[in-house]
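Each remark here refers to the structure printed beneath this line.
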Amino acid sequence: MAVGHAEGPGQNLLLTRLEDVISWARSNSLWPLTFGTSCCAIEMMMASGASHHDLARFGAEVTRPSPRQADLLIVAGTIVKRMAQPLRTLYEQMPEPRYVIATGACVISGGPFIYHSYSSLRGVDDVIPVDVYVPGCPPRPEGLFYGILTLQRMIRERAGLKHPEERRAPVTAALPEGITKQEIQAEMLELFEAQGRRNVHEEYRRTVSDPGAKGAYPGRGERG
Amino acid sequence: MSDWLEDFIAGKEGAELLADDRPRSLLLPLPALIGSMQALKAQGFDMLNDHMAVDNPEGEHIRLLWLLCSTESGELLRVCCDLPRQQPVAPSLNALWPVAEWQEREVYDLFGVLYSGHPDLRRLFLEDDWEGWPLRKDYEDSFILEPGKP
Ligand code: SF4
């Protein structure tokens, strides 16, 4: 209790540091709900499960089939009027703090179904609050990653413990126009290094080219 | 291949082959529908792949389509039947192909076609209190947005 106690409640060093640690942990262990309603969900599966776009690198790959265990709702795909109520229920069943990423034109504005549709919602924010919008039809996996990285930054910057009820204004995480795959890869690499994470892909490539080297994945010989 | 189908419609009044259609399409009059479907099933079209409808306000009819498939030969056959738009009542094919139950509920849900002999004709996709048949061409409601309109 001696640490920084003099400054008064909420101001001491220990609590400030603890908050940083908690939001760092929170932002790096997002558990998304397994929820997808149409084509965008296929792209989300590409991003979370498939090779090349492994979402585990950002600590958000543990998709949960129950909203009670999830804290991130990625709304991927058209939401029709009849789905609105179950979606709201799912959102309300998720424990606080919970975050929502809306991917794709459909859930942002109605997208291709904005006109002449008798059933598609024109924007999921009529039903649940959204933190990050990821535009695209569907967004590329890199676009979704960009959205998740944006959300992680928002979580880290948010004064989570002191004001749990505080909501930040939603942001749009659009990849800048004309950006290339190489630029995205370079930026992600930079990010990995800045956060001191291991680049398992580099290590894997090294193990493959040099079977004797120690790396992220054991070579065939090591496994015996 | 074409012979048996021409023989098949030979005795039926109002039945015709729709030209140049793939898969081959057969237009049947409403009274002959059930009997012909029974005969087609006996001939080897043992699977009902799909059931659809097309609304045609100019022609004042709703065309029902059934896609039949023979699991033995893989042959496909489309059977069509026109219903008057004002009184769209068709016989249910649920007794021949049990899968028709839900397919007919879907067509009922979106086009308002009534099936006589259907065991459980309720809406399938839309809310139970929905008013109107949204896939009919003249359907309107306050939710639908049109370009250029407020
Ligand atoms: S935004 Fe495009 S890709 Fe995504 S669900 Fe809608 S139509 Fe499908």
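Order of the sequence lines sets the chain letters (A, B, ...), proteins ahead of strands, with each chain counted from 1.
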### Query
chain B contacts: which residues in residues 102-115 of chain A have a non-hydrogen atom closer than 4.5 Å to it?
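Residues A/Ile114, A/Tyr115 are the ones that qualify, each having a heavy atom under 4.5 Å from chain B.
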### Query
For chain B, which residues from residues 74-82 of chain A lie under 4.5 Å away (heavy-atom distances)?
A/Lys81, A/Arg82
### Query
In Å and rounded to the nearest 0.5 Å, what is the CG to OG distance from B/Asp141 to A/Ser119?
9.5 Å
### Task
Write down the atom of B/Tyr139, the atom of A/Tyr118, and the distance for their closest heavy-atom approach.
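Nearest heavy atoms, B/Tyr139 then A/Tyr118: CE2-CB, 4.0 Å.
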### Message
Please determine whether the number of non-hydrogen atoms from other residues, nucleotides or ligands lying under 6.0 Å from atom CD of B/Glu16 exceeds 12.
### Response
yes
### Task
Assess whether atom CD of B/Glu60 is packed by more than 12 heavy atoms of other residues, nucleotides or ligands within 6.0 Å.
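Yes, enclosed.
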### Query
What are the residues of residues 104-130 of chain B, in order of number, with any heavy atom under 4.5 angstrom from a heavy atom of chain A?
B/Leu110, B/Leu124, B/Phe125, B/Leu126, B/Glu127, B/Trp130
### Query
Heavy atoms under 4.5 Å from chain A: which residues of residues 78-103 of chain B carry them?
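Residues qualifying by a heavy atom under 4.5 Å from chain A are absent, so none.
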